[in-house]
Amino acid sequence: QVQLVESGGGLVPPGGSLRLSCKASGRAFTRYTVAWFRQISGSEREFVAGHKWSDSSTHYANSVKGRFTISRDNAKNTVYLQMDSLKAEDTAVYYCAADQRIITSAVRVPSQYDYWGQGTQVTVSS
């Protein structure tokens, strides 16, 4: 079992930056594919970014490419999402997810992940 706890959300003006953290506990995180998703109330959960442990590949939604960066610190069992040049449309609840067996074509699919955090709210507004 893996428990995930997100932190770092908050209110930021357009153009600002935030760094989200996702701390894992329960099992070593090294061989887990990890991802960030986001959800606006009433909408489906949307893929944001992912890191696949087996080949160290990173994957991004087109809407965040060049602005967001996913990284991980295995020694700290933590995954980060650095978000720069934030826009109002980035406002959502952000969730981290993890799973041991994700093929590349499934990195963006929320139903493929067994473990989820509780979410952290990000609001981009002036």
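Looking only at distances, no side-chain donor or acceptor of N74 sits under 3.5 Å from a matching main-chain atom of N77. At distances below 3.5 Å, at least one donor-acceptor pair connects side-chain atoms of E6 with backbone N or O atoms of G119. Using a distance-only test at 3.5 Å, with no hydrogens or angles considered, no donor-acceptor pair links the side chain of Q39 to the main chain of A92.
Between F37 and F47, the angle of the ring planes goes over 60°, which puts this pair in the perpendicular group of the 30/60° scheme. The aromatic rings of Y94 and F68 sit tilted relative to each other, their planes meeting at an angle between 30° and 60°.
We find the CG-OG1 distance between L11 and T123 to be 6.0 Å, quoted to the nearest 0.5 Å. Separating the CG atom in L20 from the OG atom in S7 is a distance of 8.0 Å, to the nearest 0.5 Å. Between atom OG1 of residue T33 and atom CZ of residue R31 there is a gap of 12.0 Å, rounded to the nearest 0.5 Å. To the nearest 0.5 angstrom, W36 atom CH2 is 7.5 Å from T120 atom OG1.
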**Message:** side chain to side chain contact (heavy atoms under 4.5 Å, CB included), that's the test. Do Q118 and V5 meet it? Break it down for me.
**Reply:** CA-CA 7 Å; Q118 83 290 348; V5 178; 4.2 Å; yes
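The two residues V107 and Y113 make their nearest non-hydrogen contact at O-OH, 2.7 Å. Listed here is the closest heavy atom pair of E46 and S63: OE2-OG, 4.2 Å. A pairwise comparison of heavy atoms in D84 and S17 identifies OD1-OG, 2.8 Å as the closest pair. Scanning all heavy atoms of the two residues, the minimum distance from A106 to I102 falls at C-CG2, 3.8 Å. Shown here for W116 and P110, the closest heavy-atom pair between the two residues is CZ2-O, 3.3 Å.
In this structure, the side chains of L18 and L86 come closer than 4.5 Å at one or more pairs of heavy atoms. Y60 has its side chain out of reach of R67: every pair of non-hydrogen atoms, C-beta onward, lies at least 4.5 Å apart. Side chains of S71 and H51 form no contact here, defined as non-hydrogen atoms less than 4.5 Å apart. Side-chain contact between S21 and T78 is present, with heavy atoms from C-beta onward closer than 4.5 Å. Side chains of T91 and Q121 form a contact here, defined as non-hydrogen atoms less than 4.5 Å apart. Taking 4.5 Å as the limit, every side-chain heavy atom of Y115 sits out of range of all side-chain heavy atoms of Q3. Looking at heavy atoms from C-beta onward, H59 lies in side-chain contact with T104 at the 4.5 angstrom threshold. Within the 4.5 Å cutoff, the side chain of S126 has heavy atoms near those of the P14 side chain.
When the side chains of ILVMFWY residues are joined at heavy-atom separations under 4.5 Å, either directly or via intervening members, V64 and L81 end up in a single hydrophobic cluster.
Residue M83 is tested with V122, V124, V12 for a side chain to side chain contact (heavy atoms under 4.5 Å, CB included); the sole match is V122.
Under the 3.5 Å distance criterion, with hydrogens and angles disregarded, no donor-acceptor pair is assigned to the side chains of R19 and Q82.
A salt bridge between R38 and D90 is present, with a side-chain N of the basic residue lying under 4.0 Å from a carboxylate O of the acidic one.
By the 6.0 Å and 45° rule, R72 does not stack over the aromatic ring of W53.
Counting side-chain heavy-atom gaps under 4.5 Å among Ile, Leu, Val, Met, Phe, Trp and Tyr, Y80 is found in no cluster with other residues.
No more than 12 heavy atoms of other residues, nucleotides or ligands sit less than 6.0 Å from atom CD of E44.
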